[in-house]
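Heads up, the thing below is written out as structure tokens.
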Amino acid sequence: MTDTQSYESSIDAASVDSWHSETDVLIVGGGGAGICAAIEAADAGARVTVLEAASEAGGSTAMAGGLIYMGGGTPTQQACGFDDDIEEMHKYLMLASGPNADPAKVRLYCDRTLEHYDWLTGQGVQFKPEYYPHKHTNTPNEAALMITGNEEAWPYSEASKAAPRGHKPQIKGDHGGIPLMENLLRSAREKGVQILCEARALTAIKSGDEVVGIAARIDMQVQYIRAHRGVVLAGGGFIMNREMLETYAPRLALGNYPNGNPNDTGDGIRIGMAAGGMAINMDEGFICTPFYPPHQFLEAIIVDETGMRFINEDVYHGRLGSAILDRPDGRYYLIIDSRHFEVLESPPMGGYPVAGTGENLEELERELDLPPGALTRTLDTYNRHASNGEDPVCHKHEKYLTPLDRPPYAAFDLTPGNGAIFATMTFGGLDTQPTGEVLDKNRSVIPGLYAAGRNSAGLPRCAEGYSSGMSIGDATFFGRLAGLSAASRG
Ligand SMILES: Cc1cc2nc3c(=O)[nH]c(=O)nc-3n(C[C@H](O)[C@H](O)[C@H](O)COP(=O)(O)OP(=O)(O)OC[C@H]3O[C@@H](n4cnc5c(N)ncnc54)[C@H](O)[C@@H]3O)c2cc1C
């Protein structure tokens, strides 16, 4: 086999003269999904080998903020004084997963959220029982708990009772993925899981319909590894693969900040497709433009080139990013008044340049080349209602409704292509059962093949509803199920 054949077709086991090694459960990818699969498979008594293309395991999970979406009254929520309810979490996640939600996965994820919390802490992951009350991309201190999505923002706020459900493993600042993966990897190694680094899976080996192994490049040599019980694909997303992005996810290709590790090239998805698996939801992903922190900017308004608002500005940054990249040719501005100038020592995270300033609204309107009078009308309406704690136009939460009536004014430029960050990652992947079994185009199970994390289409299904923590929550939880299913087979 040559490398150019990799990913495009699977290999017939009959053509394999001899196997270089064998195991029970063979896992492609040593990130969150893969290592959780490995731990569960090892606990079920299987011999487990993980192939990891990088020189260290961890993947995007280790690079991440580490927020994990869990609720229903976790010990951390309770210690911080929050009631939560699994049914409220379920209502929220169904809405957050959007029209392509997988109801069976959402249901199972919610029903077992408390068990998953216990399982993670059982692997040594710690959550400091402290609540961070402001809008932020992550807790800037060691606090574990925060609201990480649209729970308090319209229309989600009307559909379910809000609760903070983002849980960050204990560390100061935005690096919760590190303690998460350190603990998972330690646990996996203690259970005897073999992790081979610089080992790149190339394609699946099949015997008839059944996947029985993987061809991998290890030590510059193609090796055939037999998996007696199953292969779990957990190689992450495809945000680093330009060709796949342009083919499957053109809206994500408009992003200018690929959020992932260099091996987010979709190998596992392509290996699965070549083995007969069906990839779904491939156009969807996360689109983040971080207009907060500072959280005071939620009091600002965001307008487009018509000078009108189009969104409630208290949304999660992914919902705003999605709305903007839905119409990338527009112009977009975040408008603040002098009340906010004091927080400009920490300008919005999103890299936004200043688009204009004005002693009054007319001057700002001219600088931004908006239709004469448009911004003035928008702010007249906004301020009139905001002073009564109302926003009948876009339904922003009243806690952010401060009239913008203190000139001078300034505008940041959120227009794509003008410097604003649009960070993207993919949600599409192999169609799977909640057990991780990979399905073909007829939705029949491919024996011996499993997928989890961003190699599969899991819990996160749409940009406008995504909440931080849904991806690692999905990868760790459904990774576990995939590992257990593979280990339990045959
Ligand atoms: C900066 C950043 C912050 C984030 N913050 C959060 C957050 O707070 N909460 C959240 O839910 N999500 C977050 N995410 C997203 C989240 O981290 C990922 O979506 C999730 O961790 C993916 O898990 P995974 O196991 O599917 O993939 P990964 O963790 O990426 O693991 C995949 C592994 O497979 C390996 N691999 C790839 N191809 C091959 C191959 N051919 N052979 C062998 N190995 C291969 C890769 O090297 C990698 O180690 C963040 C992402 C980034 C980049």
Side-chain angles (χ1 to χ4, degrees), residues 3 6-7 26-38 49-70 136-139 146 148-149 165-169 174-178 180-181 184-185 195-204 214-218 225 231-241 257-272 285-286 288 290 318 423-427 429-430 451-460 466-480 482:
D3 278 3
S6 46
Y7 317 120
L26 183 58
I27 295 170
V28 173
I35 298 302
C36 288
T49 302
V50 177
L51 302 176
E52 169 51 57
S55 52
E56 292 282 349
S60 295
T61 315
M63 296 166 62
L67 289 159
I68 306 170
Y69 202 90
M70 296 181 289
H136 204 295
T137 51
N138 205 332
T139 73
M146 68 184 291
T148 54
R165 302 193 182 102
H167 289 66
K168 185 188 76 173
D174 189 23
H175 302 290
I178 294 173
L180 174 65
M181 283 313 300
L184 293 174
L185 284 162
I195 301 174
L196 300 177
C197 291
E198 299 184 17
R200 181 175 290 278
L202 301 174
T203 197
I214 282 284
R217 194 187 322 112
I218 301 171
I225 308 170
V231 167
V232 180
L233 299 172
F238 60 93
I239 198 62
M240 296 298 175
N241 185 325
Y257 192 97
N259 206 35
N261 79 83
N263 287 316
D264 270 340
T265 46
D267 294 7
I269 298 172
R270 286 178 290 152
I271 291 171
F286 171 64
C288 158
T424 50
M425 68 185 191
T426 59
F427 292 158
L430 296 163
R454 299 289 58 79
N455 265 186
S456 68
L459 202 61
Y466 183 71
S467 302
S468 282
M470 284 174 71
S471 191
I472 296 181
D474 165 83
T476 53
F477 179 70
F478 289 104
R480 290 175 57 201

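These numbers were taken from a predicted model, which means no experiment stands behind them. Whatever order the structure lists ligands and atoms in, that order sets their numbers, starting from 1.
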Could you say whether the N/O atoms of [X] and ligand 1 ever approach to under 3.5 Å?
X      : result
Ser468 : no
Asp267 : yes
Leu67  : yes
Met63  : no
Gly260 : no
Ala33  : yes
Gly473 : no
Gly453 : no
Asn138 : no
Ala452 : no

State the [atom1]-[atom2] distance between [X] and [Y], to the nearest 0.5 angstrom.
X      : Y      : atom1 : atom2 : value
Leu67  : Ile472 : CG    : CD1   : 7.0 Å
Phe286 : Ser467 : CZ    : OG    : 10.0 Å
Met70  : Met470 : CE    : CE    : 14.0 Å
Asp267 : Met240 : CG    : CE    : 13.0 Å
Ile27  : Ile195 : CD1   : CD1   : 9.0 Å
Arg200 : Asn263 : CZ    : CG    : 4.5 Å

[X] side chain to [Y] backbone, donor-acceptor under 3.5 Å:
X      : Y      : result
Thr426 : Phe238 : yes
Asp264 : Gly236 : no
Asn455 : Gly235 : yes

[X], portion touching ligand 1 at heavy-atom distance under 4.0 Å:
X      : result
Ala216 : neither
Met425 : side chain
Tyr466 : side chain

Nearest heavy-atom pair of [X] and [Y]: which atoms, and what distance?
X      : Y      : value
Ala216 : Ile225 : CB-CD1, 4.5 Å
Pro290 : Thr137 : CB-CG2, 4.2 Å
Thr61  : Gly31  : OG1-C, 4.0 Å
Ala54  : Cys197 : O-CB, 3.4 Å
Gly429 : Ile269 : CA-CD1, 4.0 Å
Thr265 : Asn241 : O-ND2, 3.0 Å

Going by the closest heavy atom to [atom], which one wins out of [options]?
atom                    : options                       : answer
atom 37 (C) of ligand 1 : Gly32, Gly235, Gly59          : Gly235
atom 23 (O) of ligand 1 : Ile269, Ile239, Ile214, Thr61 : Thr61
atom 51 (C) of ligand 1 : Asn259, Ile68, Leu196         : Asn259

Per-atom contacts, ligand 1 versus [X] - under 4.0 Å to a heavy atom:
X      : value
Gly58  : 29 (O)
Asn261 : 30 (O), 47 (O)
Met470 : 11 (O)
Asn263 : 37 (C), 38 (N), 46 (C), 47 (O)
Gly469 : 9 (N), 10 (C), 11 (O)
Leu51  : 43 (C), 44 (N)
Ala234 : 32 (C), 33 (C), 34 (O)

Examine ligand 1 and decide if any of its atoms is less than 4.0 Å from a heavy atom belonging to [X].
X      : answer
Ala199 : yes
Gly176 : no
Ala57  : no

Just to confirm my output: which protein heavy-atom neighbour is closest to [atom], and how far is it?
atom                    : answer
atom 31 (O) of ligand 1 : Gly31 CA, 3.2 Å
atom 22 (C) of ligand 1 : Arg454 CG, 3.8 Å
atom 19 (O) of ligand 1 : Ser471 OG, 2.7 Å
atom 6 (C) of ligand 1  : Ala64 CB, 3.6 Å
atom 45 (C) of ligand 1 : Ala53 CB, 3.6 Å
atom 27 (O) of ligand 1 : Gly236 CA, 3.5 Å
atom 42 (N) of ligand 1 : Ala201 N, 2.9 Å
atom 46 (C) of ligand 1 : Glu52 OE2, 3.5 Å

Hey, which of Asn138, Thr148, Thr139 is the one that makes side-chain hydrogen bond (donor to acceptor under 3.5 Å, both in side chains) with Lys168?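 Among Asn138, Thr148, Thr139, the one meeting side-chain hydrogen bond (donor to acceptor under 3.5 Å, both in side chains) with Lys168 is Thr139.
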Against Met425, only a single residue in Ser471, Pro460, Pro258 fulfils side chain to side chain contact (heavy atoms under 4.5 Å, CB included); can you say which?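 Answer after filtering Ser471, Pro460, Pro258: Ser471.
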